[in-house]
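Residue numbers begin at 1 in each chain, while the letters A, B, ... track the order of the sequences.
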Number of protein chains: 2
Amino acid sequence: MTASSGAGVPGATRSDTVATVVRQWEAVHPDLDTGPMEIIGRVNRCAALLQQAEDAPLRRAGLSRPEFDLLGALRRTGHELTPGDLARETFSSGAAVTKRVKALTERGLVERRGDTRDRRVAHLRLTDAGRDLVDGLLPEQLAYETSVLSGMDPAEQDGLAVLLSALLGRLEGRLGAPRP
Amino acid sequence: MTASSGAGVPGATRSDTVATVVRQWEAVHPDLDTGPMEIIGRVNRCAALLQQAEDAPLRRAGLSRPEFDLLGALRRTGHELTPGDLARETFSSGAAVTKRVKALTERGLVERRGDTRDRRVAHLRLTDAGRDLVDGLLPEQLAYETSVLSGMDPAEQDGLAVLLSALLGRLEGRLGAPRP
DNA sequence: AGTAGGTGCTTTACGAGTAAAACACCTGCT
DNA sequence: AGCAGGTGTTTTACTCGTAAAGCACCTACT
């Protein structure tokens, strides 16, 4: 009665790994509504496969994905960011940002400048080399993403983007400040 | 011209973090087609938030998510699995499985039995305590997932499941055996 | 002015995953 | 039978992220 997708969707959406996992759970726990798994299991699995695939070109450039995210944040915002800004922007802990920034400055991709007013804070920006690296990598990433999505027609792509946005909106609203 | 979702979708899908990130990239690189980001960025972000949220009840039970995945694989298949099977089933490395199995057997959740034919392989199964733990946790997980999705009506949920399945099918087909 | 409390960042200690090597065992060829 | 090569699992050395403590600095109250 939980109004989920238990409905049926007759023979659709066969042949992905999540479908077989869901069927296994249904066999073992016929009483539970496995509808949500059809969505959330697939989101998780898609994300895992996408990251694995997209990491390859980055590693070729000697970057981890979190490092690329950090450089990307600096590039796309267009202005300097503090470590704290970067932590929020890349959804990672402050400590992780500290270490990544250290590694990236040593490699000459990022520069730091102390704030004159508040001597606790640092301002970070890309060096020319850092900017060039991001600008070289980004088209590669997008080309791969485009090729993955090329199997879906544009209407499906838009539909997927809209539905995911709805889901994400809900997640971000609900999880903005959870109780640990 | 790459037939992506660049079309427009006028004012739709505002107010999630991915939308603002995409707008930033568009401002810096107006030449690139950022359509794929609208999908793939959201998949990644949704997965990150979902995992973070779903980890909480697991940690309360003293389990990490990979550990729960391992126990879940044993539960849903209903029969014994070898470490290799588990590695494939949970998409993790053999070494990681070895360590997790060790920890879980020490906690009395998993039992191992040597193969009589081939003495290299072990067969693993849940203890009663392991089975009970999974069976107690699973409804919690599903209830949370149901509540997250409760904002979407059933038709949207089905649509999302179908579209994600199409994407996942493509990813699994393409990435079954990549070249490192 | 002096100080208590908060903020921004970094350091430390540790846990967890990985890749590569090591190990133990099986299989098929001669 | 004996051994070369393959497979299933574990071990080792290392990397990376995290939580919690630590440090330096700012701010606002008395």
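A pairwise comparison of heavy atoms in B/Val97 and B/Thr90 identifies CG2-OG1, 4.4 Å as the closest pair. Taking each heavy atom of B/Gln157 and B/Met152 in turn, the nearest pair found is NE2-O, 3.0 Å.
Sequence order on DNA chain D of the closest nucleotides to A/Ser92 and B/Val121 puts B/Val121 first from the 5' end. Sequence order on DNA chain C of the closest nucleotides to B/Ser93 and A/Val101 puts A/Val101 first from the 5' end. Nearest-nucleotide mapping onto DNA chain C: of A/Val97 and A/Arg120, the residue sitting toward the 5' end is A/Arg120.
Residue A/Arg117 places its CZ atom among 12 or fewer non-hydrogen atoms of other residues, nucleotides or ligands, all under 6.0 Å distant.
B/Thr82 comes within 4.0 angstrom of the backbone, heavy atoms only, and of no base. Residue contacts for B/Gly84: at a heavy-atom cut-off of 4.0 Å it reaches the sugar-phosphate backbone alone, with no base atom in range.
The separation between B/Arg119 atom CZ and D/dG8 atom P is 17 Å, rounded to whole Å. What separates CD of B/Gln51 from P of C/dG17 is a distance of 13 Å, to the nearest Å. C/dC9 atom P lies 11 Å from atom CG of A/Leu81, rounded to whole Å. Taking atom NZ of residue B/Lys102 and atom P of nucleotide D/dT12, one finds them 10 Å apart after rounding to whole Å. With rounding to whole Å, A/Arg65 atom CZ is found 18 Å from C/dT18 atom C1'. The distance between atom CG of B/Asp55 and atom C1' of C/dG15, rounded to the nearest whole Å, is 15 Å. In this structure, the CG atom of B/Asp118 is 17 Å from the P atom of D/dG6, given to the nearest Å. The distance from atom CZ of B/Arg100 to atom P of C/dG15 is 17 Å, rounded to the nearest whole Å.
When each of D/dT11, D/dT18, C/dC9 is scored by its nearest atom to the side-chain atoms of A/Ala96, the top-ranked nucleotide is D/dT18. The side chain of B/Lys99 sits closest to C/dT18 out of C/dC9, C/dT18, D/dT10. Closest to the side chain of A/Pro66, out of D/dG17, D/dA24, C/dG17, is D/dG17.
Note on B/Arg112: a side-chain N or O is less than 4.0 Å away from OP1 or OP2 of D/dT10. Considering only side-chain N and O atoms, A/Thr98 lies nowhere under 4.0 angstrom from the phosphate OP1 or OP2 of C/dT11.
Taken from CD in B/Glu140 to CZ in B/Arg60, the straight-line distance is 6.0 Å, to the nearest 0.5 Å. Interatomic distance, CG of A/Leu74 versus CG of A/Leu109, reported as 10.5 Å (0.5 Å rounding).
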